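Input: a single structure, listed below in structure tokens.
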Amino acid sequence: GSEIDADLLRSWTDAGITAILVEPREADGIGLALEQAAASAGIRIPTDLSVAFLGEAPASTPTRIWTALALPRAEMGHEAVRMLITLLEDPDERPLQKLLPCAPVDGNSIALASSVSAYT
């Protein structure tokens, strides 16, 4: 979280970026750093910049419950072992890929960007 500051967020929004997907790292304070940098830059989350976390979201802040995509970690491990066994038994076996769904975790850090119009 130490590399996140107002200038970085402002450069992203100035470039037209309206949403970011963050891979959290354990105890790095990224949620709080995002909140503070956005406030310093005058950027409103989620009105100006939506933020979602891939995996477990950091702790909520006084004004924010982070939106996240929960990873199916146990199923990922199971599938990885299954694919490894398949590859060991038959190195020519293809394809060795499986898509697994991520479950949305509701929060208040994503919204339709103010610069994007919705079609109904």
Side-chain angles (χ1 to χ4, degrees):
S2 63
E3 60 274 355
I4 297 172
D5 62 17
D7 292 334
L8 178 63
L9 293 186
R10 199 175 297 109
S11 73
W12 289 348
T13 57
D14 289 349
I17 293 172
T18 60
I20 58 174
L21 182 61
V22 181
E23 183 177 357
R25 292 169 283 185
E26 190 173 324
D28 67 358
I30 199 164
L32 186 57
L34 279 166
E35 282 275 50
Q36 291 171 343
S40 294
I43 295 170
R44 300 164 297 167
I45 298 174
T47 306
D48 302 318
L49 182 67
S50 288
V51 178
F53 285 84
L54 182 59
E56 188 172 334
S60 298
T61 67
T63 59
R64 186 73 49 221
I65 300 168
W66 297 105
T67 305
L69 294 170
L71 301 175
R73 294 187 191 281
E75 190 176 356
M76 287 171 62
H78 173 80
E79 289 299 325
V81 170
R82 185 188 63 74
M83 287 180 192
L84 177 59
I85 291 169
T86 299
L87 186 59
L88 291 171
E89 291 174 347
D90 182 4
D92 296 324
E93 179 70 28
R94 296 288 183 257
L96 291 179
Q97 178 180 352
K98 172 119 185 201
L99 298 177
L100 300 173
C102 294
V105 178
D106 290 336
N108 63 3
S109 63
I110 63 171
L112 185 63
S114 58
S115 62
V116 177
S117 60
Y119 296 97
T120 55

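For the numbers below, each heavy atom of this structure counts, side chains included, while hydrogens, waters and symmetry mates do not. Computed from a prediction, not measured in an experiment: that's the story for all the values here. Count residues from 1 along the sequence.
The side chain to side chain contact (heavy atoms under 4.5 Å, CB included) test applied to A111 returns P46, not counting sequence neighbours.
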Notebook entry, point to check: Could you go step by step and tell me if S11 and L8 meet the side chain to side chain contact (heavy atoms under 4.5 Å, CB included) rule?
Noted result: CA-CA 5 Å; S11 73; L8 178 63; 4.2 Å; yes
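Side-chain atoms of L100 and L71, non-hydrogen and from C-beta on, never get closer than 4.5 Å to each other.
One finds the CH2 atom of W66 at 5.0 Å from the CG atom of L34 (value rounded to the nearest 0.5 Å). In this structure, the separation between CG on L49 and CD1 on I43 is 6.5 Å, given to the nearest 0.5 Å. Remark: T18 OG1 to W12 CH2 distance equals 12.5 Å, nearest 0.5 Å. Note that the CD atom of E56 and the CD atom of E23 stand 13.0 Å from one another [nearest 0.5 Å]. A distance of 11.0 Å separates CD1 in I30 from CG in L32, rounded to the nearest 0.5 Å. Remark: R44 CZ to T13 OG1 distance equals 11.0 Å, nearest 0.5 Å.
The environment of CD1 in I20 is crowded: more than 12 heavy-atom neighbours from other residues, nucleotides or ligands sit within 6.0 Å.
Both F53 and I17 are assigned to one and the same hydrophobic cluster, defined by single-linkage of ILVMFWY side chains at heavy-atom distances under 4.5 Å.
The two residues A57 and A68 have their closest heavy-atom pair at CB-CB, 3.9 Å. Contact record, Q97 with M83: C-CE, 3.5 Å, taken as the closest heavy-atom pair.
Checking side-chain atoms of S109 against main-chain N and O of T67 turns up a donor-acceptor pair under 3.5 Å.
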